[in-house]
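Below: one structure, written as C-alpha cells.
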Amino acid sequence: MRRILQQIKALKAEGKKGFAILIDPDKLEVDALPALAAKINAAGIDFVFVGGSLLLNERIRVLVPALRQVLRPPVILFPGNLNQISPGADAILFLSLISGRNPDLLIGNHVVAAPLLKQSGMEVLPTGYMLIDSGRPTSAHYMSNTMPIPHDKPEIAACTAMAGELLGLQLLYMDGGSGAERTISTEMISAVAGAVEIPLIVGGGIRNKKQAEAILKAGADIIVVGNAFEADAESPLMQDIPALIAQF
Ligand code: 1GP
C-alpha cells in the first residue's frame, strides 16, 4: 500500500498543492525538537523532508525516528547519499538523478540500497531528480559530480522529465539546489508540468511569497523550502505558502 504516493497523486488529481519543508539533520539539535515540532505541527506543512548533501555526524539516525514520533506531517527521507538511509521514516524519495550522467546516482547506489529498503517496510517513492542550474554551483551539483540542466533550456528539462515518466518513475523533483541563487524559471516549470502527468516537486532558493506563487502557478504540485525555514521557522513565508496553497 503506497499511502504517501496515493496522497500526492490525490492532491494533484484534485488540482491542489502541497508544501514540504527540508530539514538538514546536521543543523537540528535533538534538544530543539519539541519546540520545532510544535511550530511545524501548527503550520500548514504537508511533508517534512530530511536530508542533505553531506552528513557531518550520526544524528540523523536518532532524529528521524524522533521526528516521526512528534510530527503530524509524514517524515520523508531525501537522501544525499547512501549513509542517509535511516530507519524510522514514513517514506524515502528513491532518487534517480536523471539530469546527470553519473551511473552511481542513476542506478548503482539503488542496487546497494534495494535489499535494505525492501526489509525496512518504508514506503519507497521512485523519483526522477533533476538538478537545474541556479546561477552558482551548489553542494548538490558538486557532490553529485554531475552537470545541471542549463537554466534557460526548458526543452531539455521537459524531455528529461518525459524520459523519467516513460521509465516508470512516479514523481519528479526539480531542484535548483539548496540555497540556489535564483529559483527555477516559470518557463521551465510549466514546460515540465505540461510534458508529464506525474506529480512535480520543485525546490531551491524559494525565499518569498512572490516566488512561491509563481512556482505554484507555473505547475509545481509540491514546493520545498529548506534554507528559509532553517533561518526562521516562524518567518512570514511559513504562513504565506499555506495561504497560497489554500487558494488552489
Ligand atoms: C534543496 O530544494 C531544496 O534541495 C530546498 O532548497 O534550501 O534553497 O530552500 P532551499
Side-chain angles (χ1 to χ4, degrees), residues 8 17-28 36 40 43 45-55 60 73 75-81 83-84 89 91-100 105 125 127-146 148-149 151 157 161 171-186 188-189 192 199-216 218-242 244-245:
I8 296 172
K17 309 286 185 181
F19 177 26
I21 55 158
L22 172 62
I23 292 178
D24 180 339
D26 278 341
K27 297 191 183 144
L28 177 59
L36 189 74
I40 294 173
I45 292 166
D46 302 296
F47 309 98
V48 174
F49 293 172
V50 182
S53 291
L54 264 181
L55 278 189
I60 191 169
V75 176
I76 301 175
L77 295 178
F78 172 47
N81 54 51
N83 281 336
Q84 297 179 31
I92 178 168
L93 294 170
F94 197 41
L95 304 166
S96 185
L97 207 175
I98 58 175
S99 60
L105 302 184
L125 303 166
T127 304
Y129 186 58
M130 295 163 56
L131 276 173
I132 315 297
D133 183 77
S134 61
R136 66 179 174 88
T138 64
S139 302
H141 300 157
Y142 180 78
M143 295 303 294
S144 67
N145 200 14
T146 66
I149 294 176
H151 193 266
L171 300 171
L172 285 171
Y173 189 156
M174 292 171 79
D175 199 353
S178 187
E181 203 166 77
R182 52 184 171 168
T183 53
I184 299 172
S185 75
T186 51
M188 186 181 277
I189 295 167
V192 169
L200 177 59
I201 304 168
V202 177
I206 301 171
R207 296 176 182 88
N208 62 51
K209 183 181 174 181
K210 202 170 150 212
Q211 292 169 326
E213 184 167 20
I215 286 168
L216 289 167
D221 298 298
I222 295 174
I223 61 170
V224 188
V225 172
N227 274 273
F229 175 79
E230 209 172 86
D232 180 6
E234 288 172 305
S235 88
L237 192 58
M238 297 304 130
Q239 309 298 324
D240 291 341
I241 293 179
L244 280 171
I245 281 173

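Order of listing sets the numbers, starting from 1, for every ligand and every atom in it.
By the criterion of a heavy-atom distance under 4.0 Å, neither the backbone nor the side chain of Phe229 is placed next to ligand 1. Contacts of Tyr173 with ligand 1, taken as heavy-atom pairs under 4.0 Å, involve the side chain alone. At a heavy-atom cutoff of 4.0 Å, ligand 1 is contacted by both the backbone and the side chain of Asn227.
Counting all heavy atoms, side chain and backbone alike, Glu181 lies closest to Gly135 at OE1-O, 3.6 Å. Gly18 approaches Asp46 most closely through the heavy-atom pair CA-OD2, 3.3 Å.
In this structure, CD1 on Ile21 lies 3.5 Å from CD1 on Ile40, to the nearest 0.5 angstrom. Here the straight-line distance linking atom CD of Glu213 with atom CD1 of Ile223 works out to 10.0 Å at 0.5 Å rounding. Distance check: Ile222 CD1 to Leu172 CG gives 11.5 Å after rounding to the nearest 0.5 Å.
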| task | List the steps, then state whether side-chain contact (heavy atoms from CB on, under 4.5 Å) holds for Asp175 with Phe78. | result | CA-CA 12 Å; Asp175 199 353; Phe78 172 47; 3.8 Å; yes

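Interface atoms of ligand 1 facing Val225, defined by a heavy-atom separation under 4.0 Å, are 9 (O). In summary, the atoms of ligand 1 found under 4.0 Å from a heavy atom of Gly203, numbered by their order in the structure, are 2 (O).
Legend: residues meeting side chain to side chain donor-acceptor pair (under 3.5 Å) with Thr138, ordered by chain and number and at least two apart, are His141. For Thr146, the side chain to side chain donor-acceptor pair (under 3.5 Å) criterion is met by Ser144, not counting sequence neighbours.
The closest approach between Phe78 and ligand 1 falls below 4.0 Å for a heavy atom of the residue. Taking a 4.0 Å cut-off on heavy atoms, Ala228 fails to register as neighbouring ligand 1.
Residue nearest to atom 1 (C) of ligand 1, selected from Leu131, Asp175, Ile184: Asp175 (by heavy-atom distance).
Taking only nitrogen or oxygen atoms, main chain and side chain alike, Gly204 reaches within less than 3.5 Å of ligand 1. Checked against a 3.5 angstrom limit, the closest N/O atoms of Gly179 and ligand 1 fall inside it.
Atom 9 (O) of ligand 1 has as its closest protein heavy atom Gly226 N, 2.8 Å.
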